Every structure is written in structure tokens, then in C-alpha cells.
Amino acid sequence: MFVSVRQSGDATILHADLDSFYASVEQLLDPSLRGKAIAVGGGGVVLAASYEAKRFGVAGAMPIRRAQRLCPHLMLVTGHFEEYPKLADRVMAIAADFTPAVERISIDEAFLDVSGAMHLFGPPGVIGAELRRRVREEVGLPISVGAARSKHLAKVASQVAKPDGLIVVEPEAERTFLDPLPVSLMWGVGPAVQKYLASLGVHTIGELARTPSRSVESLLGHAVGARLNALAVNSDPRTVGPLPRAVSVGSQSALGRTLPSPELVREVLTHLADRVASRLRAKHRAGRTVTVRVRLTEFRSVNRSLTLPEPIATTLTLREVAEQLVWRGIHDQSEQAGEPVEITLLAISVSNLVHVDAIQTELPLDPDDPRRPGSLTGSVRWAVDRSMDRVRSRFGRDAVGYLPARTFAGGIPDAYRELAEHD
DNA sequence: TCTGGGGTCCTAGGACCC
DNA sequence: TCTGGGGTCCTAGGACCC
């Protein structure tokens, strides 16, 4: 009789990660940018920087002004955002040539389980090298690969391998590999956790492994503590498979600093609700929980959410619920501050998602009390939205829309963007 | 010279039910 | 009458990831 025992002793999990993806694509498309310090900008921040720019300290999510101070000869380029998914898809197709067990976790990175592919292609190190060679030759992009026994460790290895490298962590070498690395390389360790660990004198993964997990858990909570411990003792997940379906759909828009007027809030929310609701309908989904976020100055923010009795996916209903929630948040904050507050961003997100059939109509809601089913507006609105979706699929997104919706350029209303720039 | 847009997950308190 | 414990849902805030 055969007993199937999962081979967990080998470094058969690969993490493949395209290097500075957006920036590398720009250098691929425009050869004059190769070897230069470039950054792809968007909304005032750096979305991706080439390694030539990273050497000067330029990093993702950094305000462009600051990046330019660090690297005065930085070349700022506008992204070719239509090209990114196409090129990334070609890379993922190459990965799928090696194994069907590919778990794509973002546009530019994926896990591969190659345990079933070794009899065809050789050991993980050979597969990783061949994957890198093919991506470089067939697509023209640099990609780094890490291989190890677990997903987390493979991801750490690919980060260490960057730029344009390959690292295989054999099981017997795991501790030697991990111990000297900074804790910030671990998945889930951001600035806050890093700061807390530093206060305990913990800077490396080795030091973390020797720290009693109780003391870490008591301040960071069970989940973070357990996650850190899992890597320290090498017991984190090994299963590579498809990602679960999305649990929320949202959209946000930065506004610059502004005192919220009813007109502004309505216009922005109409635009956001339209984006969110049409994406929900395109996915044949609807959601019961509406969450709004109002960002204030100094990056503080307020969230307000409401769970409805039935899922919604119509633009106007979503906007009405969001509008009430946004004003609740703003009023709460103003009351607390004792004066009107300025806001810098509005966001809408819908969660608690369910699948809906294309023909199913939304439960009508009473606009005065969204928790209570009321008039016939719901089904009428659903029908209007479906027609709008059809018109847009034929004539384009701008062919038809709700008013009053603020016109956006690059995600930021022009007037407010100019205002922000003068600051 | 304050910072985009899309997400996931966790925690904690309160309400409510059994 | 008083009391305890467990589970689930909702809401708000926060950390983190790409």
C-alpha cells in the first residue's frame, strides 16, 4: 500500500519577485532610461524606483519632493500603466510552464511549489535559475527568486537575493541564513513592530528567535507573536494554492486639505460610489457592510461603518449610505475638536460580499433609513445601473455617468491638487 | 516640506443569544 | 432571584503589504 507523505524536507517552495517592477518596465520600453536613476511617480509619491535611484535612498511610497532631494538627478517618468499587467501576465505564464501550483500574490510576485516538477526540470535551484533566464530572455525583465521549505522563508530569501539574484536556503542552513538578518525582512514586521522590538533590544531574526514569545505576544497580540514565532521555529505555511476571493472592494481619493462642503462631499462620494459599485456589479457581487474613511490632517482618520440587512451594489444607494456615514464621522470629529475640521481624503469600501446573479435585483432600501426596506427605488436603481454598465461596455467609461460627480485627473481633483502643490 | 490607491488581517468592546 | 461562560455579529481603530 502507498502512503502519500508530503515531501517537506526539501526547499521546494519558490518565491519569484520582479525587481522594481514598474521602473524596470519603463527602462525596458525606453532604452535611454537604462542604467539611470528613475522613479515612476503618481499622486505625488514614488510608486517604484530603479536600483540606480534606490542607491540614493529613494524608496516606494516616498513623497517625490523628498526623493528629488535625495537624488537630484532623478528622472521622473509617468507610468505606462496599461503595459504592467500585460508584461506581468507573460511572466506568470512562464512560471506556469514549470508547475501548475502557482499562487500569484500581487501583480509582480508569486509562489511556486516545484515539488512535483523536479523529475522534469531538476532541483529547485536549477528551476529558479531557468525561470530567471527565461523571464530575462523572453520578457526582458529582471526577476529574483528565493527557494526554501516554507513560503515565508522563500520570500525572505528572494528579498535577500535582490537585485536580480537567486538564493536557495537548504533546510540545514536555515538558522545560519536567518539569524543575522534584520527583523524588518519578515512578513508582517513594519515600522511599529520594528520599533517595539528595538525597544526590547531585538534587531535580528536570531535575537527574535531567542526572545520568549510570551513577552512579544503580550504587547503585539497573539496573531503577530505567533507569526513571528512561526518563522523563528520554522513552522509557517507550505501550501501553495489559489488565493481566496476578495473580501472587500473599495476606492479612495485624496483631496488635499479642505474644509468639507456638502457639494464637495457629494461629488467625491458620487465618483467613489460609482467606481466601487460598478466594480462590484462587474464581479457579480454585492456587499452588506459599507465602510467610509475620512482622513484628517496629520494622517489621523475616522472610520464609520454600517451593516445593512441586505447586500447592495447600486451606485446611488451606496452613495447615500456613504454620505450619511461620512457626515457622522466629520461631525463627531468636529465636536471633539470644538471647531470645523479639515479633511484630506475620502474612501468607500464594501465588505461582507456575496455572489449575486445578474438578474437578481437589489432589495429596495428606504433612503431615510438604509436599514429599513422601503420604496421601490432599489430595483429601479439596479435597472438603471445595469443599463449604464452596458452603455459603458460599448462606448467607454466616460460615455455616461452620475451627476454631480467631480472630474478627476490622476485621481486628484485638479483644483485641490494645485492647492496641495502650492503648499 | 507631511504622504496615492488597492487591499488583508487583527484587536477590543458592546450587544445579544443560548 | 442571582450568576457564569461561550459564541457570534457589529463597530472602530490600527498595522501591514504591494
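Residue numbering restarts at 1 for every chain, and letters A, B, ... go by the order of the sequence lines. All of these numbers come straight from a predicted model, not from anything done at the bench.
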Report yes or no: is the cationic atom of Arg55(A) (NZ for Lys, CZ for Arg) under 6.0 Å from the centre of the six-membered ring of Tyr51(A), at an angle within 45° of the ring normal?
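No, Arg55(A) does not lie over the aromatic ring of Tyr51(A).
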Using the P atoms only, state how far dC18(C) lies from dT3(B), rounded to an integer number of Å.
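Approximately 23 Å lies between the P atom of dT3(B) and that of dC18(C).
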Quickly work out the [X] [atom1] to [N] [atom2] distance and round it to whole Å.
X	N	atom1	atom2	result
Leu185(A)	dC18(C)	CG	P	11 Å
Lys283(A)	dG6(B)	NZ	P	12 Å
Arg288(A)	dC10(C)	CZ	C1'	9 Å
Ile348(A)	dG5(B)	CD1	C1'	14 Å
Leu346(A)	dG4(B)	CG	P	13 Å

For Ala147(A), side-chain contact (heavy atoms from CB on, under 4.5 Å) partners two or more places apart
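Leu14(A), Pro124(A), Val168(A).
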side-chain contact (heavy atoms from CB on, under 4.5 Å) partners for Glu138(A), two or more places apart
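Listed in chain order: Ile94(A), Arg134(A).
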Under 4.0 angstrom, heavy atoms only, what part of the nucleic acid is Arg300(A) near: base, sugar-phosphate, or nothing?
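Here Arg300(A) touches no strand at all.
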Could you tell me which residues satisfy salt bridge (charged side-chain N to carboxylate O under 4.0 Å, His left out) with Lys36(A), sequence neighbours excluded, listed by chain and number?
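None.
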According to salt bridge (charged side-chain N to carboxylate O under 4.0 Å, His left out), who are the partners of Glu335(A), at least two apart in sequence or on a separate chain?
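Here no residue qualifies.
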Residue-level proximity of residues 189-196 of chain A to DNA chain C when a heavy atom falls under 4.0 Å
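Contacts with DNA chain C under 4.0 Å: Val189(A), Gly190(A), Pro191(A), Ala192(A), Val193(A).
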List DNA chain C stems (3 or more consecutive Watson-Crick/G-U pairs, under 3.5 Å)?
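Paired runs of 3+ in DNA chain C: B:5-18 with C:5-18.
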Which one of Asp385(A), Thr270(A), Asp274(A) satisfies the side chain to side chain donor-acceptor pair (under 3.5 Å) criterion with Tyr402(A)?
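Only one of Asp385(A), Thr270(A), Asp274(A) forms a side chain to side chain donor-acceptor pair (under 3.5 Å) with Tyr402(A), namely Asp385(A).
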